[in-house]
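Small disclaimer: the values here were computed from a predicted structure and weren't measured. Protein chains get the first letters and strands the later ones, always in sequence-line order, with residue 1 at the start of each. Heavy atoms only: backbone and side chains are in, while hydrogens, waters and symmetry mates are out.
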2 protein chains.
Amino acid sequence: MPRSSSGYQPRKTPVQRRSWRTRERIVTGAARVFAEYGYAAGTTDRIAAAAGLSIGSLYQYFPNKDAILVVLAQAHLEQTAEAVEACLSRPRPAREWLPELTSAVIRLHADNPRLHQVLFEEAPRPPQLLARFRQVEQDAVETAAALLRSDPEMHVDQPELAARMVLATIESLTHRFTSRSHHLDTAHLTNQIVTMTTAYLQTCRTPR
Amino acid sequence: MPRSSSGYQPRKTPVQRRSWRTRERIVTGAARVFAEYGYAAGTTDRIAAAAGLSIGSLYQYFPNKDAILVVLAQAHLEQTAEAVEACLSRPRPAREWLPELTSAVIRLHADNPRLHQVLFEEAPRPPQLLARFRQVEQDAVETAAALLRSDPEMHVDQPELAARMVLATIESLTHRFTSRSHHLDTAHLTNQIVTMTTAYLQTCRTPR
DNA sequence: ACCGAAAGCGAGGAATCCCTCGTAGCCTAC
DNA sequence: GTAGGCTACGAGGGATTCCTCGCTTTCGGT
């Protein structure tokens with residue numbers, strides 16, 4: 001728990017080129033430390049050491065430990081939002097965007113599953129982060145629902161519900177099969193998730 | 001992190017009736033505290049207070065904080081194993097056991113989702129617990145695969161893989177939709193999960 | 001009623017951990 | 001070249017947590 005002043009804003013904005021690099025070193029070092037030690041044992045001392053930095057310098061850039069975690073989490077969140085945007089921005093049938101989106105989500109997580117687990121499950125998520133999280137999720141659901149509604153090959157009964165289920169399935173199964181070692185390679189996993197969600201969507205056809 | 005002697009065995013076995021009740025008070029108190037405060041802030045002091053007990057007495061029954069958590073987690077694990085056993089013990093079509101199993105899993109989690117989240121995601125899971133976890137999972141997969149193989153209404157191509165996907169989907173979606181408040185009531189959630197997994201299984205038919 | 005053992009008590013030791021603050025080095029603009 | 005701000009340092013304060021240990025209270029059989 002942070003004992004210091006509240007807030008997660010950066011303490012000072014770097015002006016010299018040197019300090020920009022230092023900030024980057026802290027963030028990437030923190031990613032390594034959190035992934036290896038988890039949240040609780042990922043101490044600020046360790047993060048500073050991993051960044052090749054003194055503890056005092058670290059606190060020139062971040063007001064507290066959680067602020068570093070927030071930066072990491074937000075980066076992942078924005079990456080995800082971008083991927084969703086890229087897959088769902090233009091209208092096209094689910095047959096096209098479903099495999100693409102699944103593959104993108106898996107790719108985003110295959111990178112460093114343990115870190116994501118720490119960021120979004122183990123660590124405490126500040127309200128600010130949670131709000132953005134929900135927003136990205138809600139946007140994705142609404143966009144996907146719209147695509148389903150105008151899908152010429154697919155007539156699902158309740159697009160909102162179907163979209164939520166499909167997106168939840170993609171993300172949940174991705175988390176599950178990348179975090180623990182279930183020896184399911186990326187290609188097979190993508191295949192299985194696409195099979196499952198496609199089958200589901202086809203079952204949700206409106207009876208006519 | 002535990003500073004004390006390693007191991008998670010109970011420190012002493014109760015002999016008087018009084019102490020059996022005390023042990024129970026500790027476990028139920030810990031469940032409340034972990035659910036409310038999470039793992040890190042669920043201190044042994046708080047647990048002792050919730051159990052109406054002094055900290056010293058608590059350590060007469062458990063060698064360290066994690067040992068209490070292990071008891072809670074194992075209880076849930078065994079409950080799950082029983083539910084799986086009850087649903088998959090005798091051969092019958094997926095049409096019958098799939099809704100039953102889904103409903104049972106959801107019922108087990110609807111109880112206290114926050115506690116399960118703490119037990120299996122937030123808290124560190126000792127190897128002993130992880131081993132049992134994998135064993136229960138593997139048993140369930142193998143049993144379900146056997147059922148799928150002998151299912152007269154369903155001819156899935158790779159029963160092992162299909163069973164793993166189905167079970168993973170049931171558990172993952174249950175966790176997801178019970179932990180965060182997604183205003184999906186139990187009945188609808190069951191329905192959706194059954195729809196999804198059934199649709200998946202029917203897609204996995206062996207071409208003949 | 002008595003006694004040995006079981007159960008209960010809680011102040012405090014030892015170990016971390018987060019973060020501050022006084023000090024020292026470095027860089028850029030002039 | 002030098003002044004003044006920007007960056008880096010790291011010992012240690014303050015807070016928190018897990019767990020121990022010496023002592024007291026309660027129980028159950030005789």
Between [N] atom [atom2] and [X] atom [atom1], what is the distance in whole Å?
X	N	atom1	atom2	result
Leu58(A)	dC21(C)	CG	C1'	16 Å
Tyr39(B)	dC18(D)	OH	P	8 Å
Arg46(A)	dC19(C)	CZ	P	16 Å
Glu24(B)	dA7(C)	CD	P	15 Å
Tyr59(B)	dG12(C)	OH	C1'	14 Å
Asp45(B)	dC19(D)	CG	P	11 Å
Ile47(B)	dT17(D)	CD1	C1'	12 Å
Lys65(B)	dT16(D)	NZ	P	15 Å

| request: Using the closest heavy atom to pick a nucleotide of DNA chain D for each, name whichever of Thr44(B) or Arg17(B) lands nearer the 5' end. | output: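 Result: Thr44(B).
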Measure all distances between protein nitrogen or oxygen atoms and nitrogen or oxygen atoms of nucleotides 8-10 of chain C, and list the pairs falling under 3.5 Å.
| from | atom 1 | to | atom 2 | distance (Å) |
| --- | --- | --- | --- | --- |
| dG8(C) | OP1 | Thr22(B) | OG1 | 2.6 |
| dG8(C) | OP2 | Tyr61(B) | OH | 2.5 |
| dC9(C) | OP2 | Ser54(B) | N | 3.0 |
| dC9(C) | OP2 | Ser57(B) | OG | 3.4 |
| dG10(C) | N7 | Gly56(B) | N | 3.1 |
| dG10(C) | O6 | Gly56(B) | N | 3.4 |

| query | Are any side-chain N or O atoms of Arg92(B) and backbone N or O atoms of Cys87(B), one a donor and one an acceptor, separated by less than 3.5 Å? | reply |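 It does hold such a pair.
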| task | Check the surroundings of atom CZ in Arg114(B): do more than 12 heavy atoms from other residues, nucleotides or ligands lie under 6.0 Å from it? | result |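 Yes - once you tally the heavy atoms of other residues, nucleotides and ligands closer than 6.0 Å, there are more than 12.
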| message | Just to verify, which of Asn191(A), Thr190(A), Asp185(A), Thr186(A) counts as forming a side chain to side chain donor-acceptor pair (under 3.5 Å) with His188(A)? | response |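 Going through Asn191(A), Thr190(A), Asp185(A), Thr186(A) one by one, the side chain to side chain donor-acceptor pair (under 3.5 Å) with His188(A) is satisfied by Asp185(A) alone.
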| query | Cationic tip of Lys65(B) within the cone over Tyr59(B)'s six-membered ring, i.e. under 6.0 Å and within 45° of the normal? | reply |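 Judged by the rule, Lys65(B) and Tyr59(B) form no cation-pi pair.
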| said: Run the ring pair (Phe, Tyr, Trp, His ring centres under 6.0 Å) test against Tyr37(A) and tell me which residues pass, sequence neighbours left out. | reply: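 Ring pair (Phe, Tyr, Trp, His ring centres under 6.0 Å) check on Tyr37(A) returns nothing, list empty.
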| task | Enumerate the residue pairs fulfilling salt bridge (charged side-chain N to carboxylate O under 4.0 Å, His left out) with a member in residues 69-87 of chain B, sequence neighbours excluded, ordered by first and then second residue. | result |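 Counting only pairs at least two positions apart or across chains, the salt bridge (charged side-chain N to carboxylate O under 4.0 Å, His left out) contacts touching residues 69-87 of chain B are Glu78(B)-Arg132(B).
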